[in-house]
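What you are looking at is a predicted structure, and each value in this text was computed from that prediction instead of being measured. Quick note: numbers below take in every heavy atom, side chains included, and nothing from hydrogens, waters or symmetry partners. Residue numbers begin at 1 in each chain, while the letters A, B, ... track the order of the sequences.
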Amino acid sequence: MIDLKLLRDDPERIRAALKKRNSDIDLDRIIEMEKQRRAGMTEVQELKSKRNALSEEIAKLKRQGEEPEKLMEQARLLSEQIKKKEEKQRETEQNFGDAVQWLPNVPHESVPVGAGPEANRFIRGLTKAPEADFEVLPHWDICEALDILDLKRASKISGSRFILYKGMGALLERALINFFLDLHTTKHGYTEIFPPVLNPTECLYGTGQLPKLESDMYRCRDDAFYLTPTAEVPLTNMHREEILLEKQLPVRYVAYTPCFRREAGSYGKEVRGITRVHQFNKVELVKYATPENGYTEFEKMLKDAEAAVKALRLPYRIMLLCTGDMTFASAITYDIEVYAPGMKEWLEVSSISCYEQYQSRRANIRYRRPGKGVDFVYTMNGSGLATPRTFIAIVENYQTEDGRIKIPDVLRQYVGVDSIGK
RNA sequence: GGAGAGGUGGCCGAGCGGUCGAAGGCACCCGCUUGCUAAGCGGUUUCUCGUCGAAAGAUGGGACGGGAGUUCGAAUCUCCCCCUCUCCGCCA
(Lines give C-alpha, C1' and ligand atoms only; values in the text may rest on other atoms or scores of the structure.)
Protein backbone atom coordinates (compact mmCIF):
# COMPACT_ATOMS: atom_id res chain seq x y z
CA MET A 1 0.00 0.00 0.00
CA ILE A 2 1.20 3.46 -0.70
CA ASP A 3 1.60 5.90 2.14
CA LEU A 4 -1.71 7.63 2.74
CA LYS A 5 0.10 10.71 3.96
CA LEU A 6 1.65 10.96 0.54
CA LEU A 7 -1.78 10.74 -1.01
CA ARG A 8 -2.86 13.70 1.06
CA ASP A 9 0.25 15.84 1.18
CA ASP A 10 1.91 15.18 -2.14
CA PRO A 11 -0.48 13.53 -4.55
CA GLU A 12 1.55 14.82 -7.49
CA ARG A 13 4.29 12.37 -6.64
CA ILE A 14 1.80 9.56 -6.91
CA ARG A 15 0.40 10.97 -10.10
CA ALA A 16 3.90 11.07 -11.57
CA ALA A 17 4.49 7.50 -10.45
CA LEU A 18 1.28 6.34 -12.06
CA LYS A 19 2.25 8.03 -15.26
CA LYS A 20 5.65 6.38 -15.24
CA ARG A 21 3.91 3.06 -14.87
CA ASN A 22 1.44 3.82 -17.61
CA SER A 23 -1.40 3.36 -15.22
CA ASP A 24 -4.86 4.65 -16.01
CA ILE A 25 -6.05 4.72 -12.41
CA ASP A 26 -8.22 7.72 -11.62
CA LEU A 27 -6.24 9.28 -8.81
CA ASP A 28 -8.56 12.23 -8.34
CA ARG A 29 -11.38 9.88 -7.56
CA ILE A 30 -9.31 8.22 -4.88
CA ILE A 31 -8.28 11.54 -3.40
CA GLU A 32 -11.90 12.59 -3.30
CA MET A 33 -12.88 9.33 -1.61
CA GLU A 34 -10.17 9.89 0.95
CA LYS A 35 -11.48 13.34 1.77
CA GLN A 36 -14.99 12.03 2.17
CA ARG A 37 -13.74 9.28 4.35
CA ARG A 38 -12.07 11.71 6.71
CA ALA A 39 -15.06 14.00 6.83
CA GLY A 40 -17.31 11.11 7.76
CA MET A 41 -14.84 9.94 10.32
CA THR A 42 -14.80 13.30 12.06
CA GLU A 43 -18.57 13.37 12.17
CA VAL A 44 -18.83 9.97 13.81
CA GLN A 45 -16.10 10.85 16.24
CA GLU A 46 -17.83 13.97 17.40
CA LEU A 47 -21.05 12.12 18.07
CA LYS A 48 -19.21 9.48 20.00
CA SER A 49 -17.44 12.10 22.03
CA LYS A 50 -20.81 13.50 23.02
CA ARG A 51 -22.13 10.11 23.96
CA ASN A 52 -19.11 9.37 26.07
CA ALA A 53 -19.61 12.61 27.98
CA LEU A 54 -23.24 11.73 28.58
CA SER A 55 -22.42 8.24 29.75
CA GLU A 56 -19.93 9.58 32.19
CA GLU A 57 -22.49 11.99 33.53
CA ILE A 58 -24.99 9.18 33.94
CA ALA A 59 -22.48 7.07 35.77
CA LYS A 60 -21.75 9.90 38.14
CA LEU A 61 -25.41 10.54 38.93
CA LYS A 62 -26.11 6.87 39.38
CA ARG A 63 -23.37 6.62 41.90
CA GLN A 64 -25.21 9.29 43.82
CA GLY A 65 -28.28 7.09 43.71
CA GLU A 66 -30.20 9.00 41.07
CA GLU A 67 -31.97 7.66 37.98
CA PRO A 68 -31.19 10.23 35.26
CA GLU A 69 -33.86 9.06 32.87
CA LYS A 70 -33.81 12.12 30.68
CA LEU A 71 -30.10 11.80 30.07
CA MET A 72 -30.44 8.12 29.35
CA GLU A 73 -33.09 8.79 26.78
CA GLN A 74 -30.86 11.40 25.16
CA ALA A 75 -27.98 8.94 25.05
CA ARG A 76 -30.19 6.28 23.52
CA LEU A 77 -31.11 8.60 20.66
CA LEU A 78 -27.48 9.52 20.15
CA SER A 79 -26.53 5.88 19.95
CA GLU A 80 -29.09 5.24 17.27
CA GLN A 81 -27.79 8.15 15.28
CA ILE A 82 -24.25 6.91 15.64
CA LYS A 83 -25.19 3.47 14.45
CA LYS A 84 -26.65 4.82 11.23
CA LYS A 85 -23.71 7.11 10.55
CA GLU A 86 -21.28 4.33 11.28
CA GLU A 87 -22.91 2.03 8.79
CA LYS A 88 -22.54 4.61 6.09
CA GLN A 89 -18.98 5.27 7.13
CA ARG A 90 -18.11 1.60 7.00
CA GLU A 91 -19.21 1.52 3.40
CA THR A 92 -17.15 4.59 2.58
CA GLU A 93 -14.08 3.05 4.20
CA GLN A 94 -14.59 -0.19 2.36
CA ASN A 95 -14.80 1.53 -1.01
CA PHE A 96 -11.78 3.63 -0.29
CA GLY A 97 -9.83 0.62 0.92
CA ASP A 98 -10.67 -1.35 -2.20
CA ALA A 99 -9.64 1.52 -4.44
CA VAL A 100 -6.38 2.25 -2.68
CA GLN A 101 -5.32 -1.40 -2.96
CA TRP A 102 -5.01 -0.84 -6.67
CA LEU A 103 -2.42 1.90 -6.40
CA PRO A 104 0.99 0.53 -7.34
CA ASN A 105 4.20 1.39 -5.54
CA VAL A 106 6.14 4.52 -6.37
CA PRO A 107 9.19 3.55 -8.43
CA HIS A 108 12.64 4.35 -7.07
CA GLU A 109 14.15 7.38 -8.77
CA SER A 110 16.90 5.33 -10.40
CA VAL A 111 14.40 3.19 -12.28
CA PRO A 112 14.35 3.94 -16.01
CA VAL A 113 10.99 4.94 -17.41
CA GLY A 114 9.70 2.84 -20.25
CA ALA A 115 7.04 0.48 -21.44
CA GLY A 116 8.85 -2.78 -22.12
CA PRO A 117 12.10 -4.75 -22.05
CA GLU A 118 13.80 -2.44 -24.54
CA ALA A 119 13.88 0.24 -21.85
CA ASN A 120 15.58 -1.96 -19.29
CA ARG A 121 19.07 -0.85 -18.36
CA PHE A 122 22.11 -3.06 -18.54
CA ILE A 123 23.96 -3.07 -15.22
CA ARG A 124 26.75 -5.61 -15.49
CA GLY A 125 27.71 -8.97 -16.93
CA LEU A 126 28.02 -10.03 -20.54
CA THR A 127 27.14 -7.47 -23.15
CA LYS A 128 26.96 -10.02 -25.92
CA ALA A 129 25.71 -13.57 -26.15
CA PRO A 130 28.68 -15.94 -26.12
CA GLU A 131 29.07 -18.09 -29.20
CA ALA A 132 29.48 -21.84 -29.00
CA ASP A 133 31.89 -23.57 -31.37
CA PHE A 134 29.37 -26.24 -32.31
CA GLU A 135 25.64 -26.42 -32.81
CA VAL A 136 24.15 -26.60 -29.33
CA LEU A 137 20.88 -28.47 -29.06
CA PRO A 138 17.99 -26.73 -27.29
CA HIS A 139 17.22 -28.34 -23.95
CA TRP A 140 14.11 -30.15 -25.15
CA ASP A 141 16.15 -32.09 -27.68
CA ILE A 142 19.16 -32.92 -25.58
CA CYS A 143 17.03 -33.81 -22.57
CA GLU A 144 14.88 -36.13 -24.61
CA ALA A 145 17.94 -37.77 -26.11
CA LEU A 146 19.39 -38.33 -22.66
CA ASP A 147 16.02 -39.31 -21.19
CA ILE A 148 16.21 -36.84 -18.32
CA LEU A 149 12.97 -34.97 -19.02
CA ASP A 150 9.70 -36.58 -20.06
CA LEU A 151 7.43 -33.78 -21.18
CA LYS A 152 4.99 -36.05 -22.97
CA ARG A 153 4.19 -37.90 -19.80
CA ALA A 154 4.19 -34.67 -17.79
CA SER A 155 1.44 -33.57 -20.08
CA LYS A 156 -0.34 -36.89 -19.70
CA ILE A 157 -0.50 -36.68 -15.94
CA SER A 158 -0.95 -32.94 -15.55
CA GLY A 159 -1.23 -31.10 -18.84
CA SER A 160 0.92 -28.92 -21.01
CA ARG A 161 3.50 -26.73 -19.35
CA PHE A 162 4.38 -29.13 -16.61
CA ILE A 163 7.76 -30.69 -16.05
CA LEU A 164 8.58 -34.27 -15.31
CA TYR A 165 12.23 -34.74 -14.46
CA LYS A 166 13.55 -38.25 -14.80
CA GLY A 167 16.61 -40.13 -13.64
CA MET A 168 19.67 -37.91 -13.79
CA GLY A 169 17.39 -34.99 -14.63
CA ALA A 170 15.55 -35.40 -11.34
CA LEU A 171 18.87 -35.72 -9.55
CA LEU A 172 20.23 -32.60 -11.21
CA GLU A 173 17.11 -30.69 -10.23
CA ARG A 174 17.40 -31.84 -6.65
CA ALA A 175 21.08 -30.98 -6.66
CA LEU A 176 20.33 -27.44 -7.75
CA ILE A 177 17.85 -26.92 -4.95
CA ASN A 178 20.27 -28.26 -2.37
CA PHE A 179 23.17 -26.29 -3.73
CA PHE A 180 21.23 -23.03 -3.61
CA LEU A 181 19.99 -23.63 -0.09
CA ASP A 182 23.44 -24.56 1.15
CA LEU A 183 25.01 -21.56 -0.54
CA HIS A 184 22.67 -19.03 1.04
CA THR A 185 22.55 -20.59 4.47
CA THR A 186 26.28 -21.19 4.86
CA LYS A 187 27.78 -18.31 2.88
CA HIS A 188 25.21 -15.53 3.04
CA GLY A 189 23.65 -15.87 6.47
CA TYR A 190 20.08 -16.76 5.60
CA THR A 191 17.95 -18.94 7.85
CA GLU A 192 16.31 -21.79 6.04
CA ILE A 193 12.53 -22.04 6.17
CA PHE A 194 10.36 -24.79 4.77
CA PRO A 195 6.92 -23.19 4.71
CA PRO A 196 3.44 -24.38 3.76
CA VAL A 197 2.56 -23.55 0.20
CA LEU A 198 -1.17 -23.10 0.60
CA ASN A 199 -1.68 -19.52 1.64
CA PRO A 200 -4.87 -17.72 2.64
CA THR A 201 -6.21 -14.60 0.99
CA GLU A 202 -4.80 -12.16 3.57
CA CYS A 203 -1.28 -13.27 2.80
CA LEU A 204 -1.69 -12.55 -0.87
CA TYR A 205 -3.00 -9.10 -0.13
CA GLY A 206 -0.08 -8.60 2.20
CA THR A 207 2.53 -9.13 -0.45
CA GLY A 208 0.50 -7.51 -3.20
CA GLN A 209 -0.43 -10.43 -5.49
CA LEU A 210 -4.04 -9.62 -4.74
CA PRO A 211 -6.11 -7.95 -5.94
CA LYS A 212 -4.30 -7.54 -9.21
CA LEU A 213 -2.98 -10.99 -10.00
CA GLU A 214 -6.02 -13.01 -9.00
CA SER A 215 -6.21 -14.75 -12.34
CA ASP A 216 -2.55 -15.74 -12.28
CA MET A 217 -2.94 -17.99 -9.30
CA TYR A 218 -4.48 -21.34 -8.52
CA ARG A 219 -7.22 -21.20 -5.96
CA CYS A 220 -8.58 -24.07 -3.92
CA ARG A 221 -12.22 -24.79 -4.50
CA ASP A 222 -13.40 -25.61 -1.00
CA ASP A 223 -11.03 -23.59 1.12
CA ALA A 224 -9.85 -19.99 1.02
CA PHE A 225 -6.34 -20.92 -0.08
CA TYR A 226 -4.18 -20.13 -3.03
CA LEU A 227 -1.30 -22.32 -4.14
CA THR A 228 1.67 -20.15 -3.48
CA PRO A 229 3.02 -18.42 -6.59
CA THR A 230 6.35 -17.79 -4.83
CA ALA A 231 7.86 -18.34 -1.40
CA GLU A 232 7.89 -14.57 -1.08
CA VAL A 233 4.29 -14.95 0.07
CA PRO A 234 4.80 -17.20 3.09
CA LEU A 235 8.20 -15.72 3.98
CA THR A 236 7.07 -12.11 3.94
CA ASN A 237 3.85 -12.91 5.76
CA MET A 238 5.66 -14.72 8.55
CA HIS A 239 5.91 -11.46 10.43
CA ARG A 240 2.60 -9.99 9.38
CA GLU A 241 0.96 -7.95 12.18
CA GLU A 242 4.14 -8.01 14.20
CA ILE A 243 6.41 -5.41 15.74
CA LEU A 244 10.01 -6.55 15.47
CA LEU A 245 12.88 -5.23 17.51
CA GLU A 246 15.41 -3.12 15.67
CA LYS A 247 18.22 -5.39 16.80
CA GLN A 248 16.52 -8.36 15.14
CA LEU A 249 16.98 -6.71 11.77
CA PRO A 250 17.90 -7.53 9.15
CA VAL A 251 15.97 -10.78 9.11
CA ARG A 252 17.12 -13.06 6.30
CA TYR A 253 15.16 -16.09 5.17
CA VAL A 254 15.73 -18.57 2.41
CA ALA A 255 13.23 -21.21 1.38
CA TYR A 256 12.76 -23.79 -1.25
CA THR A 257 9.19 -24.17 -2.43
CA PRO A 258 7.41 -25.27 -5.53
CA CYS A 259 5.71 -22.29 -7.18
CA PHE A 260 2.40 -22.39 -8.96
CA ARG A 261 1.30 -20.06 -11.72
CA ARG A 262 -1.61 -20.25 -14.08
CA GLU A 263 0.21 -18.28 -16.74
CA ALA A 264 -3.14 -17.22 -18.10
CA GLY A 265 -2.79 -15.18 -21.22
CA SER A 266 0.73 -16.31 -21.97
CA TYR A 267 -0.29 -19.00 -24.40
CA GLY A 268 1.37 -18.81 -27.75
CA LYS A 269 4.60 -17.56 -26.26
CA GLU A 270 7.46 -19.79 -25.27
CA VAL A 271 5.60 -22.94 -26.12
CA ARG A 272 8.50 -25.32 -26.35
CA GLY A 273 10.47 -26.61 -23.47
CA ILE A 274 10.32 -25.62 -19.86
CA THR A 275 10.85 -21.86 -19.77
CA ARG A 276 7.29 -21.10 -18.79
CA VAL A 277 5.45 -23.66 -16.71
CA HIS A 278 2.63 -23.94 -14.21
CA GLN A 279 4.72 -25.49 -11.48
CA PHE A 280 8.39 -24.94 -10.87
CA ASN A 281 10.95 -25.07 -8.12
CA LYS A 282 12.51 -22.00 -6.69
CA VAL A 283 14.81 -21.08 -3.85
CA GLU A 284 13.73 -17.70 -2.65
CA LEU A 285 15.47 -15.06 -0.55
CA VAL A 286 13.50 -12.65 1.62
CA LYS A 287 14.79 -9.91 3.89
CA TYR A 288 13.29 -7.48 6.35
CA ALA A 289 15.43 -4.43 7.03
CA THR A 290 15.29 -0.94 8.47
CA PRO A 291 14.67 1.88 6.00
CA GLU A 292 18.22 3.14 6.59
CA ASN A 293 19.79 -0.17 5.65
CA GLY A 294 17.17 -1.19 3.13
CA TYR A 295 19.08 -0.42 -0.01
CA THR A 296 22.38 -1.69 1.31
CA GLU A 297 20.71 -4.99 2.11
CA PHE A 298 19.03 -4.95 -1.25
CA GLU A 299 22.31 -4.61 -3.13
CA LYS A 300 23.73 -7.42 -1.00
CA MET A 301 20.79 -9.58 -1.92
CA LEU A 302 21.49 -8.95 -5.59
CA LYS A 303 25.06 -10.11 -4.98
CA ASP A 304 23.82 -13.19 -3.14
CA ALA A 305 21.72 -14.22 -6.11
CA GLU A 306 24.49 -13.31 -8.50
CA ALA A 307 26.84 -15.56 -6.52
CA ALA A 308 24.69 -18.53 -7.44
CA VAL A 309 24.95 -17.85 -11.16
CA LYS A 310 28.66 -17.19 -10.85
CA ALA A 311 29.29 -20.39 -8.92
CA LEU A 312 27.60 -22.33 -11.69
CA ARG A 313 29.74 -20.46 -14.20
CA LEU A 314 26.83 -19.54 -16.40
CA PRO A 315 26.98 -16.64 -18.84
CA TYR A 316 24.78 -13.92 -17.36
CA ARG A 317 23.88 -10.29 -17.28
CA ILE A 318 22.06 -8.10 -14.81
CA MET A 319 19.34 -5.76 -15.97
CA LEU A 320 17.57 -2.98 -14.12
CA LEU A 321 13.93 -3.21 -15.07
CA CYS A 322 12.11 -0.19 -16.38
CA THR A 323 8.87 1.06 -14.87
CA GLY A 324 6.75 -0.81 -17.39
CA ASP A 325 8.40 -4.16 -16.72
CA MET A 326 8.27 -4.05 -12.93
CA THR A 327 5.57 -5.65 -10.89
CA PHE A 328 2.91 -3.68 -9.17
CA ALA A 329 4.33 -3.68 -5.65
CA SER A 330 7.98 -3.20 -6.46
CA ALA A 331 9.94 0.03 -6.14
CA ILE A 332 12.92 -1.35 -8.00
CA THR A 333 13.74 -4.67 -9.61
CA TYR A 334 16.86 -6.26 -11.03
CA ASP A 335 16.70 -9.31 -13.23
CA ILE A 336 19.52 -11.75 -13.60
CA GLU A 337 19.42 -13.36 -17.02
CA VAL A 338 21.46 -16.33 -18.15
CA TYR A 339 22.17 -17.16 -21.74
CA ALA A 340 20.85 -20.38 -23.23
CA PRO A 341 22.88 -21.10 -26.37
CA GLY A 342 20.53 -23.82 -27.61
CA MET A 343 17.47 -21.62 -27.52
CA LYS A 344 19.63 -18.63 -28.30
CA GLU A 345 17.85 -16.63 -25.67
CA TRP A 346 18.49 -14.79 -22.44
CA LEU A 347 16.42 -16.30 -19.66
CA GLU A 348 15.42 -14.63 -16.42
CA VAL A 349 16.53 -16.85 -13.55
CA SER A 350 16.18 -14.34 -10.79
CA SER A 351 14.18 -11.24 -10.10
CA ILE A 352 15.27 -9.19 -7.12
CA SER A 353 12.86 -6.55 -5.89
CA CYS A 354 12.73 -4.01 -3.12
CA TYR A 355 9.28 -3.00 -1.96
CA GLU A 356 10.41 -0.40 0.52
CA GLN A 357 7.42 -0.06 2.86
CA TYR A 358 4.76 -0.99 0.36
CA GLN A 359 4.34 -4.57 1.52
CA SER A 360 4.97 -3.84 5.17
CA ARG A 361 2.19 -1.27 5.17
CA ARG A 362 -0.18 -3.77 3.65
CA ALA A 363 0.88 -6.58 5.92
CA ASN A 364 1.50 -4.33 8.92
CA ILE A 365 5.07 -5.41 9.58
CA ARG A 366 6.80 -2.92 11.83
CA TYR A 367 9.81 -2.59 14.04
CA ARG A 368 10.55 -0.65 17.17
CA ARG A 369 13.53 1.60 17.51
CA PRO A 370 14.42 2.09 21.13
CA GLY A 371 13.04 5.40 22.26
CA LYS A 372 11.84 6.44 18.82
CA GLY A 373 8.58 4.68 18.26
CA VAL A 374 7.67 2.25 15.55
CA ASP A 375 8.02 2.33 11.79
CA PHE A 376 7.37 0.02 8.87
CA VAL A 377 10.22 -2.24 7.79
CA TYR A 378 11.59 -2.50 4.29
CA THR A 379 10.92 -5.83 2.64
CA MET A 380 12.69 -7.28 -0.35
CA ASN A 381 13.03 -10.58 -2.06
CA GLY A 382 14.83 -12.30 -4.86
CA SER A 383 15.08 -15.68 -6.47
CA GLY A 384 18.21 -17.45 -5.58
CA LEU A 385 17.49 -19.08 -8.08
CA ALA A 386 14.51 -20.48 -9.96
CA THR A 387 15.42 -23.91 -11.25
CA PRO A 388 13.81 -24.62 -14.62
CA ARG A 389 15.72 -21.95 -16.45
CA THR A 390 18.88 -22.63 -14.52
CA PHE A 391 18.40 -26.24 -15.53
CA ILE A 392 18.05 -25.14 -19.15
CA ALA A 393 21.14 -23.00 -18.93
CA ILE A 394 23.14 -25.90 -17.55
CA VAL A 395 22.07 -28.48 -20.11
CA GLU A 396 22.69 -26.03 -22.92
CA ASN A 397 25.90 -24.40 -21.69
CA TYR A 398 27.46 -27.58 -20.39
CA GLN A 399 26.58 -29.58 -23.45
CA THR A 400 29.44 -31.31 -25.24
CA GLU A 401 29.74 -31.83 -28.91
CA ASP A 402 29.25 -35.56 -28.45
CA GLY A 403 25.92 -35.05 -26.74
CA ARG A 404 26.74 -35.25 -23.07
CA ILE A 405 26.13 -32.76 -20.32
CA LYS A 406 28.99 -32.00 -18.00
CA ILE A 407 28.14 -31.32 -14.40
CA PRO A 408 29.26 -27.93 -13.08
CA ASP A 409 32.00 -28.31 -10.46
CA VAL A 410 29.94 -26.98 -7.60
CA LEU A 411 27.22 -29.55 -8.25
CA ARG A 412 29.43 -32.60 -8.43
CA GLN A 413 29.27 -33.35 -4.74
CA TYR A 414 25.48 -33.37 -5.06
CA VAL A 415 25.24 -35.34 -8.29
CA GLY A 416 28.10 -37.73 -7.77
CA VAL A 417 29.19 -37.92 -11.40
CA ASP A 418 31.08 -35.68 -13.82
CA SER A 419 28.63 -35.82 -16.69
CA ILE A 420 25.30 -37.11 -17.89
CA GLY A 421 25.25 -39.37 -20.95
CA LYS A 422 27.38 -42.22 -22.36
C1' G B 1 -14.34 -35.74 13.66
C1' G B 2 -15.73 -35.68 19.41
C1' A B 3 -14.76 -33.47 24.49
C1' G B 4 -12.49 -29.77 27.45
C1' A B 5 -9.35 -25.26 28.31
C1' G B 6 -7.89 -20.76 26.44
C1' G B 7 -7.00 -16.29 23.12
C1' U B 8 -5.59 -9.27 27.00
C1' G B 9 0.16 -4.35 25.78
C1' G B 10 7.06 -5.80 22.58
C1' C B 11 6.74 -10.59 25.79
C1' C B 12 4.48 -13.22 30.27
C1' G B 13 0.18 -12.49 33.06
C1' A B 14 -4.17 -10.18 36.46
C1' G B 15 -8.76 -8.12 35.53
C1' C B 16 -16.88 -7.46 40.45
C1' G B 17 -20.86 -3.82 33.31
C1' G B 18 -18.90 2.60 34.60
C1' U B 19 -13.23 5.69 38.09
C1' C B 20 -9.54 -0.06 33.05
C1' G B 21 -5.69 1.51 28.16
C1' A B 22 -5.91 -2.06 31.58
C1' A B 23 -2.49 -4.56 38.22
C1' G B 24 2.11 -7.20 38.52
C1' G B 25 6.42 -9.08 36.17
C1' C B 26 9.95 -9.16 32.08
C1' A B 27 12.01 -6.24 28.40
C1' C B 28 13.12 -1.29 26.79
C1' C B 29 14.58 3.79 27.43
C1' C B 30 16.26 7.87 30.96
C1' G B 31 18.64 9.16 35.43
C1' C B 32 21.25 7.85 40.05
C1' U B 33 24.35 4.54 42.47
C1' U B 34 27.88 0.92 43.03
C1' G B 35 34.44 -1.48 42.68
C1' C B 36 33.48 -5.33 39.74
C1' U B 37 31.86 -10.74 33.84
C1' A B 38 26.78 -7.14 36.41
C1' A B 39 23.57 -5.71 40.33
C1' G B 40 20.62 -2.08 43.17
C1' C B 41 17.30 2.34 43.46
C1' G B 42 13.99 5.93 41.10
C1' G B 43 11.36 7.32 36.79
C1' U B 44 9.48 6.69 31.68
C1' U B 45 7.30 3.58 27.83
C1' U B 46 0.68 0.20 24.39
C1' C B 47 -0.78 0.76 19.43
C1' U B 48 -3.78 3.31 15.99
C1' C B 49 -6.77 7.03 13.45
C1' G B 50 -8.80 12.14 13.17
C1' U B 51 -8.64 17.59 14.27
C1' C B 52 -5.54 22.10 15.38
C1' G B 53 -0.11 23.20 14.90
C1' A B 54 5.90 24.66 11.07
C1' A B 55 7.21 21.84 15.33
C1' A B 56 7.08 20.69 20.39
C1' G B 57 2.47 19.61 21.68
C1' A B 58 -2.79 20.01 22.61
C1' U B 59 -7.43 17.63 21.88
C1' G B 60 -10.87 13.76 20.45
C1' G B 61 -12.23 8.65 18.37
C1' G B 62 -10.89 3.52 18.31
C1' A B 63 -8.40 -1.17 19.67
C1' C B 64 -8.33 -6.62 25.13
C1' G B 65 -8.67 -13.04 18.49
C1' G B 66 -12.72 -11.42 14.47
C1' G B 67 -17.89 -10.13 13.73
C1' A B 68 -22.93 -9.26 15.45
C1' G B 69 -26.06 -8.29 19.73
C1' U B 70 -27.87 -6.58 24.82
C1' U B 71 -27.00 -1.70 27.42
C1' C B 72 -27.02 5.26 28.41
C1' G B 73 -22.21 2.56 28.92
C1' A B 74 -18.83 -4.01 27.37
C1' A B 75 -12.01 -6.66 28.19
C1' U B 76 -16.13 -8.01 31.53
C1' C B 77 -23.01 -10.48 29.53
C1' U B 78 -25.26 -13.26 24.82
C1' C B 79 -24.68 -15.41 19.86
C1' C B 80 -21.72 -16.75 15.47
C1' C B 81 -16.89 -17.47 13.38
C1' C B 82 -11.47 -18.09 13.56
C1' C B 83 -7.12 -19.72 16.00
C1' U B 84 -4.06 -22.21 19.91
C1' C B 85 -3.45 -26.02 23.66
C1' U B 86 -4.88 -30.85 26.15
C1' C B 87 -7.47 -35.57 25.82
C1' C B 88 -10.13 -39.28 22.62
C1' G B 89 -10.93 -41.19 17.73
C1' C B 90 -9.17 -41.50 12.62
C1' C B 91 -5.36 -41.17 9.03
C1' A B 92 -0.26 -40.24 6.26
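Side-chain contact check for A:Thr92 and A:Gln36: no donor-acceptor pair (N or O, by modelled atom type) lies under 3.5 Å. For the residue pair A:Asn281 and A:Glu173, a side-chain donor N or O sits within less than 3.5 Å of a side-chain acceptor on the partner. Between the side chains of A:Tyr256 and A:Glu192, no donor-acceptor pair of N or O atoms lies under 3.5 Å. Looking only at atom types and distance, the side chain of A:Asn120 has a donor-acceptor partner in the side chain of A:Asp325 under 3.5 Å away.
Note on A:Asn52: a side-chain N or O is less than 4.0 Å away from OP1 or OP2 of B:G61. Checking the phosphate oxygens (OP1, OP2) of B:C29, no side-chain nitrogen or oxygen of A:Arg368 falls inside 4.0 Å.
Taking a pair to require two hydrogen-bonding distances under 3.5 Å in either a Watson-Crick or a G-U wobble arrangement, B:G1 pairs with B:C88. The partner of B:G6 is B:C83, judged by Watson-Crick or G-U wobble contacts that both fall below 3.5 Å. B:G57 is paired with B:C52 under the criterion used here, namely a Watson-Crick or G-U wobble arrangement in which both key atom distances are under 3.5 Å. The partner of B:C64, taking Watson-Crick or G-U wobble pairs whose two distances both stay under 3.5 Å, does not exist in any strand shown.
In this structure, of B:G60, B:G10, B:C72, it is B:G10 that holds the atom nearest to the side chain of A:Ile243.
As a whole-Å value, the separation of A:Arg90 CZ from B:G66 C1' is 13 Å. A:Gln248 has its CD atom 11 Å from the P atom of B:C11, to the nearest Å. For the pair A:Arg51 CZ and B:G18 P, the computed distance is 17 Å after rounding to whole Å. Going from atom CZ of A:Arg240 over to atom C1' of B:C83 covers 12 Å, rounded to whole Å. Rounded to a whole Å, the OH atom of A:Tyr367 is 18 Å from the P atom of B:C28.
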Heavy atoms under 4.0 Å is the rule here; annotate nucleotides 48-56 of chain B 5' to 3' with B where the base is hit, S where only the sugar-phosphate is, and - elsewhere.
SBBS-----

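For the atom pair CD (A:Glu284) and CD1 (A:Ile352), the distance works out to 9.5 Å, reported to the nearest 0.5 Å.
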Anything under 3.5 Å between a protein N or O and an N or O of nucleotides 90-92 of chain B, put it in a table, one pair a line.
none

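Residue A:Ile365 is tested with A:Ile243, A:Val377, A:Val251 for a side-chain contact (heavy atoms from CB on, under 4.5 Å); the sole match is A:Val377.
With contacts defined as side-chain heavy-atom distances shorter than 4.5 Å, the pair A:Tyr355/A:Arg362 does not qualify.
Among the atoms of the strands shown, base atoms are found under 4.0 Å from some heavy atom of A:Lys62.
Across the C1' atoms, B:C16 and B:G10 are found 30 Å apart, a figure rounded to whole Å.
A perpendicular orientation is assigned to the rings of A:Tyr218 and A:His278, their planes being inclined by more than 60° (bins at 30° and 60°).
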